[in-house]
There are 2 protein chains.
Amino acid sequence: MSSKEKILGTAIVLFAQKGYSGLSMRQLAQAVDLSVAAIYHHFPDKNALYLEAVRFAFSDKEQVFAQVWESGCSAEEKLGGFIRSLIDVMLQDRDFHRLMQREIQEADPERMQLLAQGVFNRQFCFLLQLVTELAPEQDAHLVATSVIGLAKYYIECQPLLKNFPGWKSEHERPEVIAAHITNLVINSLKVKTA
Amino acid sequence: MSSKEKILGTAIVLFAQKGYSGLSMRQLAQAVDLSVAAIYHHFPDKNALYLEAVRFAFSDKEQVFAQVWESGCSAEEKLGGFIRSLIDVMLQDRDFHRLMQREIQEADPERMQLLAQGVFNRQFCFLLQLVTELAPEQDAHLVATSVIGLAKYYIECQPLLKNFPGWKSEHERPEVIAAHITNLVINSLKVKTA
DNA sequence: ATACACCTACTGAACGTTTGTTAGGTACAT
DNA sequence: ATGTACCTAACAAACGTTCAGTAGGTGTAT
């Protein structure tokens with residue numbers, strides 16, 4: 001692995017942990033066992049490094065969902081598979097997820113467009129298509145958004161949710177969360193809406 | 001309004017905007033038109049100021065929902081009213097909402113407990129009760145969580161969602177979001193689950 | 001083969017600025 | 001006179017950034 005890749009990989013983890021202004025170039029340099037100036041040899045400044053790290057983290061998430069769409073399952077099963085994959089990706093790559101969260105929080109319009117078009121567009125379109133197939137009379141965008149929102153919330157709010165009454169340990173198992181969301185959405189789609 | 005309250009009120013807004021390490025004591029001092037030392041007269045250090053600001057922001061959200069629970073509506077209508085209030089609160093007090101998000105992101109277990117018990121407990125219990133009433137055979141915690149998660153996601157991801165295909169401008173109107181979520185959940189509850 | 005030029009990857013030390021924090025003092029209440 | 005609220009000015013430390021320099025590899029002319 002090249003130094004540049006090592007810097008980017010480490011930067012993802014540390015930016016996700018500490019945020020942009022929370023991570024100093026010296027801390028990053030120490031973490032990759034290089035001098036500060038060596039980082040400046042590879043990147044013009046801190047901001048460019050951050051942006052490249054975000055892009056770097058985005059670059060390998062496409063193929064996880066491909067097998068869901070390409071499977072010969074029914075539309076309902078595909079929806080279940082997608083939800084399960086979504087949760088798995090978020091749970092496995094928590095650094096990526098946290099970086100995402102920070103990006104969304106900052107809500108820079110330009111970067112939001114980059115994110116939507118450059119990263120998630122394919123998956124969202126597939127999901128949109130699936131929802132339309134399952135319930136043509138519903139607002140597909142709203143439903144698709146709900147699917148993603150539900151999955152996202154369960155992952156990121158788990159530390160908080162644990163402290164509410166009614167919580168069970170099975171609620172942190174991905175298959176339980178996925179099954180609940182899938183049920184919720186599919187049941188809702190079965191009922192004709194005004 | 002006392003200086004201390006002015007400091008806390010401004011700190012909430014600025015911490016929400018820039019994060020803990022993103023806001024310097026000098027910036028805060030300038031924003032409240034005081035010297036840095038004056039802030040240190042009221043608070044021992046930056047961390048204590050932050051914690052007190054978070055508590056300060058938490059202190060006035062209880063009564064918004066009271067009228068929903070105390071209304072003589074049906075359970076279904078109450079759920080709709082709760083969801084609508086939830087969205088309104090989040091939209092109106094975006095600083096509070098962003099501070100919350102940052103807290104959740106940091107996920108300090110101790111603070112999560114403080115949040116759950118000291119701030120949201122009453123509302124969550126009411127919601128739990130409502131869900132149990134509407135669908136006794138379902139996992140009330142999971143359903144209640146879904147309600148909150150859906151509302152939260154729509155608010156915080158709107159800048160991203162705008163860039164996906166199928167988005168309509170009506171999707172940012174609180175009554176549309178509330179109606180969609182209410183429909184989704186109520187429809188789902190009507191169907192008996194395995 | 002060898003000297004020279006040139007490249008990339010990197011270092012150590014320093015630049016000026018900003019950071020959190022504090023000491024000492026003033027103005028004005030009680 | 002005692003305390004509260006605030007100031008200016010300074011502290012050391014950490015910050016992003018730059019600069020001169022070096023070690024090692026590669027290609028080229030002699």
Side-chain angles (χ1 to χ4, degrees), chain A residues 1-57 59 95 98-99 102-103 105-108 110-111 114, chain B residues 1-57 59 95 98-99 101-103 105-108 110-111:
Chain A
M1 185 168 43
S2 75
S3 282
K4 188 165 180 175
E5 279 170 336
K6 199 162 76 175
I7 294 170
L8 286 173
T10 311
I12 289 166
V13 178
L14 295 182
F15 274 131
Q17 261 170 37
K18 303 151 162 275
Y20 182 83
S21 51
L23 174 66
S24 76
M25 299 299 265
R26 282 171 176 83
Q27 282 168 14
L28 177 58
Q30 197 177 351
V32 293
D33 208 33
L34 283 175
S35 73
V36 186
I39 298 179
Y40 278 90
H41 171 71
H42 291 285
F43 307 92
D45 55 27
K46 191 186 182 183
N47 202 51
L49 164 67
Y50 177 72
L51 279 164
E52 197 156 331
V54 174
R55 272 193 291 270
F56 184 73
S59 62
D95 295 319
R98 280 204 282 206
L99 244 190
R102 281 196 193 275
E103 278 292 309
Q105 203 165 355
E106 243 151 277
D108 179 81
E110 212 175 301
R111 272 169 176 171
L114 197 108
Chain B
M1 185 169 40
S2 73
S3 281
K4 188 165 179 176
E5 278 170 337
K6 198 162 77 177
I7 293 170
L8 286 174
T10 311
I12 289 166
V13 178
L14 295 182
F15 274 132
Q17 260 169 39
K18 302 151 162 274
Y20 183 83
S21 51
L23 174 66
S24 75
M25 299 298 266
R26 282 171 176 82
Q27 284 167 13
L28 176 58
Q30 196 178 351
V32 293
D33 208 33
L34 284 175
S35 74
V36 186
I39 298 179
Y40 277 92
H41 172 71
H42 292 285
F43 306 94
D45 56 28
K46 190 186 184 183
N47 201 52
L49 164 67
Y50 177 73
L51 278 165
E52 199 156 330
V54 174
R55 272 194 290 269
F56 184 73
S59 62
D95 295 319
R98 281 205 280 207
L99 243 190
Q101 239 182 296
R102 282 197 193 273
E103 278 293 309
Q105 203 165 356
E106 244 152 274
D108 179 81
E110 212 175 300
R111 273 177 182 163

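Numbers restart at 1 for each chain; the letters A, B, ... are given by sequence-line order, proteins then strands. No experiment lies behind these values; they were computed from the predicted model shown. Note: hydrogens, waters and symmetry copies are ignored here, and every other heavy atom, side chains too, is used.
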Q.
I want to check something: taking the side chain as every heavy atom from C-beta on, are B/E52 and B/F43 in contact at a cut-off of under 4.5 Å?
A. yes
Q. So with a 6.0 Å cut-off around CD of A/Q17, is the heavy-atom count from everything else above 12?
A. yes
Q: Show your working on side-chain contact (heavy atoms from CB on, under 4.5 Å) between B/L28 and B/L34 and close with a plain yes or no.
A: CA-CA 9 Å; B/L28 176 58; B/L34 284 175; over 6 Å; no
Q. Considering only side-chain heavy atoms of A/Y40, which listed nucleotide, D/dC6, D/dC7, D/dG16, is closest?
A. D/dG16
Q.
I need the CG-C1' distance between B/D33 and D/dA5, as an integer number of Å.
A. 15 Å
Q) To the nearest Å, how far apart are A/E5 CD and C/dA9 C1'? A) 15 Å
Q) Where the side chain of A/K18 meets the backbone of A/V13, is there a donor-acceptor pair that is under 3.5 Å apart? A) no
Q: Consider the side chain of B/V36, meaning its heavy atoms from C-beta on, and name the nucleotide among C/dT21, C/dG12, C/dC10 that approaches it most closely.
A: C/dT21
Q) B/K6 side chain to B/D33 main-chain N or O, any donor-acceptor pair under 3.5 Å? A) no
Q. Taking the six-membered ring for Trp, are A/Y50 and A/Y20 parallel (under 30°), tilted (30 to 60°) or perpendicular (over 60°)?
A. perpendicular
(Q) Just N and O in the side chain of B/Q27: are any of them under 4.0 Å from OP1 or OP2 of C/dT18? (A) no
Q | Nucleotide nearest B/S35 (side chain, heavy atoms from C-beta), chosen from D/dC7, C/dA9, C/dT11 | A | D/dC7
Q: Decide, yes or no, whether a salt bridge links A/R98 with A/E103 under the criterion of side-chain N to carboxylate O below 4.0 Å.
A: no
Q | Neighbour count above 12 (heavy atom, 6.0 Å) for B/N47 CG | A | yes
Q. Between B/Q27 and B/L14, is any pair of side-chain heavy atoms under 4.5 Å apart?
A. no
Q. Rounded to whole angstrom units, what separation is found between the CD atom of A/Q30 and the P atom of D/dC15?
A. 10 Å
(Q) Under 4.0 Å, heavy atom to any atom of DNA chain C: which of residues 41-57 of chain B qualify? (A) B/D45, B/K46
Q.
Tell me which residues in residues 12-26 of chain A lie within less than 4.0 Å of DNA chain D, going by non-hydrogen atoms.
A. A/L23, A/S24, A/M25, A/R26
Q | Side-chain N or O of B/S3 closer than 4.0 Å to phosphate OP1/OP2 of D/dA5 | A | no
